[in-house]
Amino acid sequence: SGGTPYTTATIAHSLSTLQPIVQLWLVDNDTTPSASEQIEAQIDCTSSANVKITFAKLPLKDVQVTIIAPNVSNVSPSYS
């Protein structure tokens with residue numbers, strides 16, 4: 001009944017891979033970066049250049065997203 005609304009973000013990573021490694025970190029701006037907490041979400045690779053991240057609830061702080069793939073040079077991601 002009712003259910004929790006999900007919050008999604010789509011990130012264009014331009015890594016040309018269907019198996020990117022994605023890490024999510026809840027950023028605590030009040031402390032040092034090493035105090036950031038790794039968090040979980042549903043990650044769907046929607047194409048070789050995009051991932052969709054679905055959170056069960058809206059994160060209370062900023063989320064840092066790290067996306068890597070083997071043998072890829074630097075790229076500039078975008079999100080929506």
Side-chain angles (χ1 to χ4, degrees):
S1 69
T4 303
Y6 294 100
T7 300
T8 63
T10 299
I11 299 178
H13 54 72
S14 304
L15 294 174
S16 299
T17 182
L18 292 172
Q19 298 179 327
I21 299 168
V22 181
Q23 292 183 324
L24 306 170
W25 300 91
L26 193 60
V27 178
D28 188 347
N29 294 327
D30 298 329
T31 62
T32 61
S34 62
S36 296
E37 174 185 352
Q38 191 168 16
I39 60 173
E40 296 181 0
Q42 175 69 39
I43 308 291
D44 295 304
C45 188
T46 58
S47 73
S48 64
N50 295 289
V51 292
K52 183 172 95 172
I53 302 170
T54 304
F55 298 96
K57 62 181 180 177
L58 184 64
L60 298 176
K61 299 182 180 182
D62 290 343
V63 175
Q64 177 182 350
V65 180
T66 303
I67 304 173
I68 61 172
N71 303 319
V72 176
S73 60
N74 291 337
V75 295
S76 298
S78 63
Y79 65 93
S80 60

Margin query: So, taking the atom named CD in E40 and the one named CG in L26, what distance separates them when rounded to the nearest 0.5 Å?
Written below: 12.5 Å

Note to self: Could you list the cluster mates of I68? Members are the ILVMFWY residues connected by side-chain heavy atoms closer than 4.5 Å, either directly or through other members.
What the structure shows: I21

Checklist line | Residue list, side-chain contact (heavy atoms from CB on, under 4.5 Å) with A49, at least two apart or on another chain | finding: S47

Item checked: With sequence neighbours excluded, residues passing side-chain contact (heavy atoms from CB on, under 4.5 Å) with Q38 -> Q23, W25

Check: Can you find a pair of side-chain heavy atoms, one from K61 and one from V27, that are under 4.5 Å apart?
Finding: no

Next item on the list: Could you list the residues that satisfy side chain to side chain donor-acceptor pair (under 3.5 Å) with T66, not counting sequence neighbours?
Entry: none

Check: At what distance, to the nearest 0.5 angstrom, does CG of L24 lie from CZ of F55?
Finding: 5.0 Å

Margin query: Would you say that T10 contacts T8 through its side chain, given a criterion of any heavy-atom pair below 4.5 Å between the two side chains?
Written below: no

Next item on the list: With sequence neighbours excluded, tell me which residues meet side chain to side chain donor-acceptor pair (under 3.5 Å) with Q42.
Entry: D44

Check: Side-chain heavy atoms under 4.5 angstrom apart, residues restricted to Ile, Leu, Val, Met, Phe, Trp, Tyr: same cluster for L18 and I53?
Finding: no

Checklist line | Point-to-point distance, once rounded to the nearest 0.5 Å, from OG1 of T46 to NZ of K52 | finding: 8.0 Å

Note to self: Using side-chain heavy atoms (C-beta onward) and a distance below 4.5 Å, is V22 in contact with V65?
What the structure shows: yes

Checklist line | Smallest separation among heavy atoms of S48 and H13, with atom names | finding: O-CE1, 3.2 Å

Next item on the list: Could you tell me whether the side chain of N50 reaches within less than 4.5 Å of the side chain of I11, counting heavy atoms only?
Entry: no

